[in-house]
Amino acid sequence: MKSDSEVSKGNYLALAAEPAKSEKRGVDTEARHGGPVTAAIVSVFTPARIIWMFVIINLLNYVDRGIIPGAPVQFQSFIHETLQVPHSVESTYLGILQSVFIATFSVAVVAAGNLVHKYPPFVVMGAGLAIWCVAVFLSGLAKPLGSFAVLISARALSGVGEASFQCIAPAFIEDFAPSGQKVLWLGVFFSSITVGTAGGYAFSAVVSTSSWGWAWAFWMEGLAMIPFVLIALILPYKLSGKENGVSIFKEVHTILYNQLFINISLGYAAYCAVLAGLSTFGPQFFQGLQLFDSEKSASLHFSGIVALAGAVGTPFGGWVSDRYAGSNASRREVLDTCLRIMSVSSALGMVCAIAAAYCTTRTSFLVLMGAAVMLLFLPTGCCTMAVMAAVPSHMRASAVALNILIMHVLGDVPSPIAVGALKDWLAPRCNTKTVDGVEVLNPDCILDGPGLRLTLVLCLSLLGFTVLFWTIPLLFPLTCGKPAVDEDENDAEAALGAALLKKRQDEEMKKEASVKDFSASNNMQRLQLRGAAATP
């Protein structure tokens with residue numbers, strides 16, 4: 001018989017729950033499907049396949065985000081034609097288009113994080129992705145209608161649609177990814193951000209300048225998403241943690257009073273502010289600094305850097321975290337490992353990016369910017385894991401949602417507008433101009449080179465706040481780096497203790513029964529011997 005120390009925690013939990021448990025872990029066998037139907041769905045759509053499906057969905061989400069910044073001249077021309085605004089403020093309106101998406105996304109994601117306590121998570125996800133499909137079709141329709149109002153409304157709606165997916169997917173990956181590989185799989189999931197954004201740049205640069213126009217860029221991605229909407233609506237999986245009806249206000253209050261969560265989120269807000277400014281105006285920065293000859297060349301090179309560096313850096317950061325922490329690491333050990341990677345990689349990334357801004361040759365720029373982007377994407381999976389480790393398990397979806405809200409409200413939403421306005425002020429001649437009937441970057445932009453470079457450096461310097469906020473929990477672990485007490489873990493420990501106690505009691509009862517049986521047997525044998533001896 002195995003000793004108490006040899007029996008796994010999972011076995012004891014299963015033992016403790018056995019009398020009341022009638023369904024497979026993580027699978028809702030009663031909601032929406034019967035048992036055989038659920039079994040068939042689970043056999044086809046295994047957790048591993050669902051995680052890969054998440055990667056593809058996330059890829060499409062970020063292709064969508066890259067369409068507008070991938071063809072800034074085309075969209076600035078559309079803005080000028082529909083709103084009749086001066087060329088000098090086109091960049092500001094381009095930033096507004098990006099920011100309105102992030103604004104609605106940030107608000108909707110908090111509501112979606114709380115909805116998983118009331119409805120099956122994949123129903124919430126499928127409904128959101130269906131809204132996203134409608135939104136991208138309306139985005140494309142804005143071009144033939146010649147309506148900026150339709151475009152900005154559709155971009156706002158697409159933010160609402162994407163919200164549920166982005167807060168549910170990370171919690172599912174933490175629940176179902178193999179032990180010791182959870183941050184790696186989060187890294188694989190988040191690598192689709194860089195590949196998708198870069199793909200959106202390249203996709204938009206090609207389609208927008210073709211005879212089809214940018215409307216088809218939106219329509220094609222919408223068609224590609226429809227099969228995943230249908231799949232999500234039938235999946236029966238559940239997230240771990242207590243399924244209580246905690247109010248959204250109580251949940252938000254609990255999470256926001258977590259100092260560790262606040263530090264991670266503020267650092268991520270500064271991080272996202274830099275990435276948003278860079279993704280929106282990066283091609284214009286690099287073309288205006290005379291590193292590339294055309295918008296198309298700048299977009300394709302920049303998208304290539306982002307795709308390659310992000311595809312390597314994001315999963316590599318997750319692998320390093322898992323490797324360093326170990327497969328049996330405690331919650332605190334995983335958290336500390338993630339914080340160290342986040343702090344060091346963001347500091348090195350900031351140095352490389354600012355150095356790249358002062359390069360005068362294309363080769364040196366590509367090398368340094370590639371290194372910077374790779375280093376900046378290293379902590380992506382770590383950051384999400386740290387957010388989920390900072391709060392109780394049943395609040396993970398809402399914590400991810402609030403982290404997204406904070407990082408967007410303080411980062412993505414104001415950043416494109418602020419960077420666009422700063423660029424219009426410091427480099428007013430770096431706008432669009434019609435040359436021989438074609439909208440191109442103003443040739444006089446070369447005269448505003450110093451102002452353009454200063455705009456880029458000021459944007460990159462915000463990474464200093466990221467380094468600061470991500471380092472504070474490491475320097476002050478007892479006050480600013482302490483994760484919340486996980487009630488689910490306490491319940492698990494209680495169940496473990498109860499199972500251990502029950503097992504010991506059972507063993508003692510068996511021993512007592514064995515002793516009694518042995519004593520009874522001995523007494524019987526003595527009586528038989530005495531009887532035999534007394535017989536003449």
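Given the structure is predicted, the values throughout are model-derived calculations rather than measurements.
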Do the side chains of [Y] and [X] get nearer than 4.5 Å, heavy atoms only?
| X | Y | answer |
| --- | --- | --- |
| I96 | I152 | yes |
| Q166 | V400 | no |
| I56 | W52 | no |
| C359 | L368 | yes |
| M53 | L235 | yes |
| V351 | L375 | no |
| V334 | C338 | yes |
| L402 | S265 | no |

What's the separation between atom [atom1] in [X] and atom [atom2] in [Y], rounded to the nearest 0.5 Å?
| X | Y | atom1 | atom2 | value |
| --- | --- | --- | --- | --- |
| I50 | I57 | CD1 | CD1 | 10.0 Å |
| L308 | L366 | CG | CG | 11.0 Å |
| L468 | L463 | CG | CG | 12.5 Å |
| I406 | L256 | CD1 | CG | 5.5 Å |
| L462 | L410 | CG | CG | 11.5 Å |
| L157 | S139 | CG | OG | 8.5 Å |

Using side chain to side chain contact (heavy atoms under 4.5 Å, CB included), reason through L260 and L335 one step at a time and then give a plain yes or no.
CA-CA 10 Å; L260 174 58; L335 179 61; 3.3 Å; yes
Whether [X] side chain and [Y] backbone form a donor-acceptor pair below 3.5 Å:
| X | Y | value |
| --- | --- | --- |
| N263 | Q259 | yes |
| S415 | A273 | yes |
| T380 | F377 | yes |
| E221 | D64 | yes |
| R396 | S393 | yes |
| S321 | G318 | no |

How far apart are the closest heavy atoms of [X] and [Y], and which atoms are they?
| X | Y | value |
| --- | --- | --- |
| A325 | E333 | CB-O, 4.5 Å |
| V274 | C459 | CG2-O, 3.2 Å |
| G126 | V229 | O-CG1, 3.6 Å |
| M374 | V312 | SD-CG1, 4.2 Å |
| T384 | P170 | CG2-CB, 3.8 Å |
| S343 | T471 | OG-OG1, 2.7 Å |

I'd like to know whether F172 forms a ring pair (Phe, Tyr, Trp, His ring centres under 6.0 Å) with F122, so could you lay out the CA-CA distance, the side-chain angles of the two residues, the decisive distance to 0.1 Å, and finally the verdict.
CA-CA 10 Å; F172 180 91; F122 279 95; 5.6 Å; yes
Is it the case that more than 12 heavy atoms not belonging to F137 sit under 6.0 Å from its CZ atom?
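Above 12, so yes.
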Please work out whether the ring planes of Y271 and W470 are parallel, tilted or perpendicular, with thresholds of 30° and 60°.
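Rings of Y271 and W470: tilted, 30 to 60°.
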Report the relative orientation of the aromatic rings in F165 and F189; use parallel for angles under 30°, tilted for 30 to 60°, perpendicular for over 60°.
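Taking F189 first and then F165, their aromatic rings sit tilted (interplane angle of 30° to 60°).
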Please report, to 0.1 Å, the donor-acceptor pairs under 3.5 Å made by any side chain of residues 100-113, with sequence neighbours excluded.
unit_1 : atom_1 : unit_2 : atom_2 : d
T104   : OG1    : V100   : O      : 3.2
T104   : OG1    : F101   : O      : 3.1
T104   : OG1    : A156   : O      : 2.6
S106   : OG     : I102   : O      : 2.7

S153: partners by side-chain hydrogen bond (donor to acceptor under 3.5 Å, both in side chains), with sequence neighbours left out:
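Result, side-chain hydrogen bond (donor to acceptor under 3.5 Å, both in side chains) vs S153: none returned.
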Just jot down the side-chain hydrogen bond (donor to acceptor under 3.5 Å, both in side chains) partners of S192, sequence neighbours excluded, or say none.
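Here the qualifying residues are N58.
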Taking the six-membered ring for Trp, are Y257 and H253 ring centroids under 6.0 Å apart?
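That pair passes the under 6.0 Å test.
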Could you walk me through whether F75 and I67 pass the side chain to side chain contact (heavy atoms under 4.5 Å, CB included) check?
CA-CA 10 Å; F75 281 95; I67 287 176; 4.0 Å; yes
If you draw the axis of the six-membered ring of Y62, does the NZ or CZ of R65 fall within 45° of it and under 6.0 Å from the ring centre?
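Judged by the rule (NZ or CZ under 6.0 Å from the ring centre, within 45° of its axis), R65 counts as positioned above Y62.
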Could you walk me through whether K182 and D175 pass the salt bridge (Lys or Arg N to Asp or Glu O under 4.0 Å) check?
CA-CA 8 Å; K182 297 184 183 297; D175 282 347; over 6 Å; no
Step-by-step side chain to side chain contact (heavy atoms under 4.5 Å, CB included) determination, I51 to W185
CA-CA 8 Å; I51 292 174; W185 278 105; 3.8 Å; yes
F45 and Y237: CA distance, side-chain angles, deciding distance, ring pair (Phe, Tyr, Trp, His ring centres under 6.0 Å) verdict
CA-CA 10 Å; F45 299 105; Y237 291 94; 9.1 Å; no
Does the side chain to side chain contact (heavy atoms under 4.5 Å, CB included) test come out yes or no for M388 and F261, once each step is laid out?
CA-CA 9 Å; M388 292 191 290; F261 171 83; over 6 Å; no
Whether the T466 and S346 side chains hold a donor-acceptor pair (N or O, under 3.5 Å, no angle test) is what I'd like checked.
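No, S346 and T466 have no side-chain donor paired with an acceptor closer than 3.5 Å.
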